[in-house]
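The structure under discussion appears below in the form of structure tokens.
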Amino acid sequence: IPADEIEVMTDNIGLPVSGVNFAFSDCQTISEADGEILLTLSEHRRHSTWDYQKKIREMLTRQFPECEYYFQPADIVTQILNAGLPAPIDLKIIGFDKQTNYNLALDLKRQVEKVPGAVDVCLHQVVNSPQYLFQVDRTRAEQMGLTQKDISNSLLVTLSSSFQVMPNFWVNPQTGVQYYLAAFAPQYRISSINDLGNIAVGSATTEKDTKQPVQLLANVAVPVRQYTPYVVNHVNVAPSFDVYAACQNRDLGGVSDDIGKIVQSFKAKLPRGSVIVEAGQVMSMRLAFAGLLIGLVGAVILVYLLLVVNFQSWVDPLIILMAIPGALSGIVWSLFVTQTTLSVPALMGAIMTIGVASANSILMITFCREQLEAGMSPREAASAAGFQRFRPVCMTALAMIIGMIPMSLSAGQNAPIGRAVIGGLSVATFSTLIFVPLIFSIVRERMKGAPRSVHGHSQEMKPR
């Protein structure tokens, strides 16, 4: 990234200063081997954020293959859609067989990395971080007048300060400002295991008894190398292993579909009582799609039933809805031409398009019925409706299309709405002016010009 395009760069390397900062911050670092870099780019940058992320991924993979990295969601909208997770795709393996599930999570991570468009694939849980465990010789410690509690307290206070166990405060008499006082060993003096062994341990009894010398940690405890989990997650008490993944140069739905096939193959390998759950933005996306599709179908059915009551006919409302297939085909065409993925805003634009197309179609059929009652034949009524209602239909569609042009040309998240409305109304307008009157004339010719009521009884029409 060019230097003139970076406004602010903040590096957080290693763990926070205190446990309070670690507990109440959103920092993703879990050890001294982790780091977090926050970049604020200028508004007049030459490339988008996604282009820079792609270049940084290529650089890190080429120059630092031994490092693991991922990009956190920076904007508030993505953070809300991810439900607080650092990636839009979260594959959870939940179960009590930890070792088997951990091995399956590693295999799942390797398979997901091969999916085209999947980037920043990582296993969130760290189960084998190195640590030192000091094993206390309790017999020797008892002979020196020390207990396990005395030794652990001395070690914790020396390394983590005394503020947690013995908080002290000092008030400046001149300003009245209160300051926290904490005593601990300087970090620059503890750089090896030998330095840890030289930590003085004692108890309240040792401090009072001057005859009893203060002992060193190396005299009562021996360091042992072992491994410990740094990150532990649970879902309803059951342990969980999370495989995170993001998307690049591909839509979230396509990547999640390919990952779903991998997940199906892993379900047969799960031990008894374990499950794989897809969470994150993928789950929110599928729930939103299902809700919008149900709303779309429900809206069409509700409009049809309302038209049945209004027109007192079962056939004419069906003719009115013949404009909807044209609107849907126009939406698909516009999204394909503009290379816009099917999203929640696109479905919202589809609902708007169906509403306008249905209104224009109602205008056509209403005029056809009026001309039919005036004594015209079905073909003449359809032809007159197409001629007389050409201007109102075009004015309504053009007003909507022109109003959506600025939104469709923007780079925001609402651009799919404008593109779906423009494409849908462009095709739906021709469908309303040509296809709907044609269907009306054909159906009415077969019905011999006799409109039927809801109850199916024919009504005689007397020409004037």
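Keep in mind that the numbers below use all heavy atoms, side chains included, and drop hydrogens, waters and symmetry copies.
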Q: Using the side chain to side chain contact (heavy atoms under 4.5 Å, CB included) rule, take I324 and V300 through it: C-alpha gap first, then chi angles, then the decisive distance, then the call.
A: CA-CA 9 Å; I324 295 179; V300 173; 4.1 Å; yes
Q: Would you please test F266 and Q111 for side chain to side chain contact (heavy atoms under 4.5 Å, CB included) and show each step?
A: CA-CA 10 Å; F266 270 80; Q111 295 296 326; 3.9 Å; yes
**Q.** Evaluation steps, ring-ring contact (aromatic ring centres under 6.0 Å, His included), between Y244 and Y70
**A.** CA-CA 9 Å; Y244 292 144; Y70 61 91; 7.5 Å; no
Q | Steps toward salt bridge (charged side-chain N to carboxylate O under 4.0 Å, His left out) verdict (D51, K54) | A | CA-CA 5 Å; D51 294 335; K54 182 179 179 181; over 6 Å; no
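For the residue pair Q53 / Q248, no side-chain donor-acceptor distance below 3.5 Å is found, with atom types taken as modelled. Counting only N and O atoms by type, the side chains of R419 and S408 include no donor and acceptor under 3.5 Å apart.
More than 12 heavy atoms of other residues, nucleotides or ligands shown are found within 6.0 angstrom of CZ on R286. Within a 6.0 Å radius of CD in Q131, other residues, nucleotides and ligands contribute more than 12 heavy atoms. The environment of M59 atom CE is dense: over 12 non-hydrogen atoms of other residues, nucleotides or ligands sit within 6.0 angstrom. Environment of CE in M348: sparse, with no more than 12 heavy atoms of neighbouring residues, nucleotides or ligands closer than 6.0 Å. In E43, the CD atom is not crowded: 12 or fewer heavy atoms of neighbouring residues, nucleotides or ligands sit closer than 6.0 Å. In E113, the CD atom is crowded: over 12 heavy atoms of neighbouring residues, nucleotides or ligands sit closer than 6.0 Å. The neighbour count for H234 NE2, taken as heavy atoms of other residues, nucleotides or ligands under 6.0 Å away, is above 12. Other residues, nucleotides and ligands contribute over 12 non-hydrogen atoms within 6.0 Å of the OH atom of Y102.
At least one side-chain heavy atom of L196 sits less than 4.5 Å from a side-chain heavy atom of I190. Contact of the I1 side chain with the L41 side chain is registered, since non-hydrogen atoms from C-beta on lie closer than 4.5 Å.
Closest heavy-atom contact between V237 and F96: O-CE2, 4.2 Å.
You'll find the ring centres of Y179 and F169 outside the 6.0 Å limit.
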